[in-house]
Amino acid sequence: MPPKSGHQRAKNIDYDDDELYSDEDEYYEEGGEEEGISEADKQQMAAATIKVKEALGGSLKPTDAEIQEALWHYYYDVAKSVSYLKNKYAPKAPSKPKQPQKPASRFDQAASAAGTGTTDGPSKQKAIPKKSAADKLAESLDKVQVEETPKIKSKNLNVVEEFAKSGLKRMANFVVIGHVDHGKSTLMGRLLYDLKVIDQRSVDKLKKEAESIGKDSFALAWVMDQTSEERSRGVTVDIATNNFETDTTRFTILDAPGHRDFIPNMIAGASMADFAVLVIDASTNSFESGLKGQTKEHALLVRSMGVQRLIVAVNKMDTVNWSQRRFGEISEQMTAFFVAASFSPKQITFVPCAGKEGDNVTKRVDQSQAEWYTGPTLVEALDMCEPAKRPVEKPLRLTISDVFRGGITNPVSISGRIDAGTLQIGDTILAMPSNEKATIKAIEINDEPVDWAVAGQIPTLHLQDIDPVHLRLGDIACDPRNPVRLVKSFTCKILAFEHVLPSSVDVFRGRLQAEGRIIRLSSTLNKTTGEVIKKKPRIIKPAEVARVVVELERELPLEHGVRIVLRERGSTVAAGLLEG
Ligand SMILES: Nc1nc2c(ncn2[C@@H]2O[C@H](COP(=O)(O)OP(=O)(O)OP(=O)(O)O)[C@@H](O)[C@H]2O)c(=O)[nH]1
């Protein structure tokens with residue numbers, strides 16, 4: 001298996017789903033109060049018993065009955081029960097603490113470094129055990145002192161200054177786009193392998209797994225495509241992120257899926273990207289079929305979402321014998337298209353490469369194969385990109401791209417790119433549109449605990465004082481003193497991909513998706529100068545730039561300058577920038 005984050009992912013959680021409380025009845029049998037206990041209580045007790053055992057590790061071994069007594073008394077509050085059991089059963093004489101069964105995860109270390117306590121128990125809505133049973137235990141438990149969840153202490157850092165003096169390498173996020181099967185994942189897998197982000201053993205393991213299901217050629221792609229669903233289908237279904245460093249820059253790869261059904265995920269990737277790597281399969285017919293497929297659509301999408309810089313990886317050059325002519329033909333055709341799509345030719349670099357064998361990825365292609373090519377390798381081209389400026393001085397805006405419901409230490413976590421501002425442990429954030437506050441108890445970047453994070457980074461935040469139902473993909477975590485405003489309708493400048501008429505549309509902003517309606521076509525605009533060409537057009541034609549007004553079904557946190565995409569019945573009709 002490829003390396004995974006230590007955290008259990010729980011994307012798109014259905015919070016009403018009680019999957020945690022499943023067939024664990026055996027844990028209940030040892031002596032709970034059977035009488036008058038509902039099935040839900042039993043299941044809750046069984047699940048909480050497991051959690052308490054995990055939290056106690058191997059050091060203390062109270063019986064199940066003892067654990068359940070504590071849980072019963074504390075209304076299934078795992079943290080309080082654990083405190084009680086530790087107090088009650090800890091050895092009296094000071095002794096060396098035993099090694100915990102499981103090494104503490106980095107998440108847990110981050111939390112304890114921040115001096116945090118934990119809570120995990122039944123939510124407020126859950127059934128409360130009957131008092132009579134609790135009373136039976138009350139007497140014996142009355143005197144126990146319980147640690148309350150401590151307030152998170154902020155170090156009150158000046159994060160902008162910390163960032164300036166940290167000497168952190170510059171950071172850049174790029175999205176990998178291109179038609180299905182053109183070799184995006186393989187190319188990125190190769191990059192990570194050659195830069196030693198993934199080791200030989202892991203690749204060998206992936207190769208074995210790939211061979212065992214007769215898909216040998218996919219081994220490198222699996223470095224990026226990490227979930228089993230993606231593997232069995234052979235396509236990337238979500239954005240895989242991975243990191244690597246060169247001497248000057250720390251890069252985050254956002255590997256977007258090429259399959260047409262998954263364009264919303266690609267949009268989410270593009271909304272976080274400083275630049276894009278467009279992968280084009282140079283093989284006979286593949287380039288041409290890509291042109292009819294997603295090659296152009298993806299390029300247009302990222303452009304209309306504000307991405308200006310492109311690296312075009314003309315891939316699978318081995319299949320055309322590293323033909324200079326083929327490379328020239330593809331570069332020429334694509335340049336004409338890019339210019340029409342308002343990319344500046346200065347911002348585009350074409351690199352011939354072969355991801356599978358790794359030619360011209362980090363190692364220069366053998367001169368005997370392509371003595372005609374003197375330009376940069378892919379990694380050199382990446383290094384030449386100027387990352388966008390980080391608006392660290394602005395109020396915090398973080399677009400939530402994942403919500404995790406974790407374990408005991410970190411019950412609620414989110415991750416997403418910080419679009420603006422900074423944050424640190426102890427900060428209060430406001431989730432919008434739910435308008436609920438939360439406290440940051442720990443922060444991780446690339447699985448490492450840190451004290452702060454700044455615009456451009458994609459941290460994971462471990463939160464407290466909030467119920468996960470208030471956090472949804474696409475929501476904004478912002479500074480409560482400068483909250484993001486909620487809008488019901490907005491004007492935006494769009495590039496049309498198809499004919500645009502007043503009609504119902506799906507509005508995408510990163511991972512946020514909402515139903516809306518184009519209610520007015522205000523004007524068509526000059527692509528370069530932005531001047532009004534025609535007021536109140538009846539229709540907007542493909543490739544035209546226009547200003548339209550969109551009304552949403554519900555209020556959403558949207559601000560000036562955010563990138564949005566309008567889709568209709570599964571296809572992208574337009575994309576652009578929100579004006580107000
Ligand atoms: N000959 C050759 N084949 C390649 C090269 N790169 C990738 N392939 C093959 O092309 C196929 C598709 O590669 P992927 O990396 O999965 O393509 P993708 O673009 O990530 O596909 P999606 O995730 O479905 O969008 C695999 O069989 C790869 O082994 C290359 O440089 N040369």
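Counting convention: from 1, in listed order, for ligands and their atoms alike.
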ask   = When the ring centroid of Trp372 is compared with that of Phe327, is the distance short of 6.0 Å?
value = yes
message = Does ligand 1 come near enough to Glu357 that some N or O of the ligand is less than 3.5 Å from an N or O of the residue?
response = no
Closest candidate by heavy atom, reference atom 2 (C) of ligand 1, pool Asn315, Asp318, Ile177 = Asp318
message = Looking at Asn173 and Asp274, would you say the former's side chain and the latter's main chain have a donor-acceptor pair under 3.5 Å?
response = no
message = List ligand 1 atoms under 4.0 Å from Thr186, heavy atoms only on the residue side.
response = 6 (N), 7 (C), 13 (O), 14 (P), 15 (O), 28 (C)
request  = Report the part of Thr319 in contact with ligand 1, treating N, CA, C, O as backbone and CB onward as side chain, heavy atoms under 4.0 Å; options are side chain, backbone, both, neither.
outcome  = side chain
key: Any donor-acceptor pair under 3.5 Å from Glu211 side chain to Lys208 backbone   = no
ask   = Relative to the heavy atoms of Val180, which atoms of ligand 1 are at a distance of less than 4.0 Å?
value = 24 (O), 25 (O)
key: Per-atom contacts, ligand 1 versus Ala354 - under 4.0 Å to a heavy atom   = 31 (O)
ask   = For the residue pair Phe174 and Phe275, does the interplanar ring angle fall in the parallel (under 30°), tilted (30 to 60°) or perpendicular (over 60°) class?
value = parallel
request  = Could you tell me whether a side-chain N or O of Ser344 sits under 3.5 Å from a main-chain N or O of Lys346, the two making a donor and an acceptor?
outcome  = yes
request  = Go through the steps for Phe287 and Arg326 under the test side chain to side chain contact (heavy atoms under 4.5 Å, CB included), then give the verdict.
outcome  = CA-CA 10 Å; Phe287 163 60; Arg326 181 67 169 161; 3.5 Å; yes
key: Non-hydrogen atom of Gly178 closer than 4.0 Å to ligand 1   = no
ask   = Which atoms of ligand 1 are found less than 4.0 Å from any heavy atom of Ser185?
value = 15 (O), 18 (P), 20 (O), 23 (O)
ask   = Backbone, side chain, both or neither: what part of Lys356 comes under 4.0 angstrom of ligand 1, heavy atoms only?
value = both
Contacts table for residues 305-315: side-chain donor-acceptor under 3.5 angstrom, sequence neighbours left out:
unit_1	atom_1	unit_2	atom_2	d
Arg309	NH1	Gln347	O	2.8
Arg309	NH1	Thr349	OG1	3.4
Arg309	NH2	Thr349	OG1	3.1
Asn315	OD1	Gly355	N	3.0
Asn315	ND2	His182	O	3.1

message = Run the side chain to side chain donor-acceptor pair (under 3.5 Å) test on Arg472 and Ser434 for me, step by step, so that the C-alpha distance in whole Å, both residues' side-chain angles and the decisive distance to 0.1 Å come before the verdict.
response = CA-CA 9 Å; Arg472 299 276 156 174; Ser434 68; over 6 Å; no
query = What atoms in ligand 1 come closer than 4.0 Å to a heavy atom of His182?
reply = 19 (O)
remark   = Quick note on ligand 1: atoms under 4.0 Å from a heavy atom of Lys184 include exactly 15 (O), 17 (O), 18 (P), 19 (O), 20 (O), 21 (O), 22 (P), 25 (O)
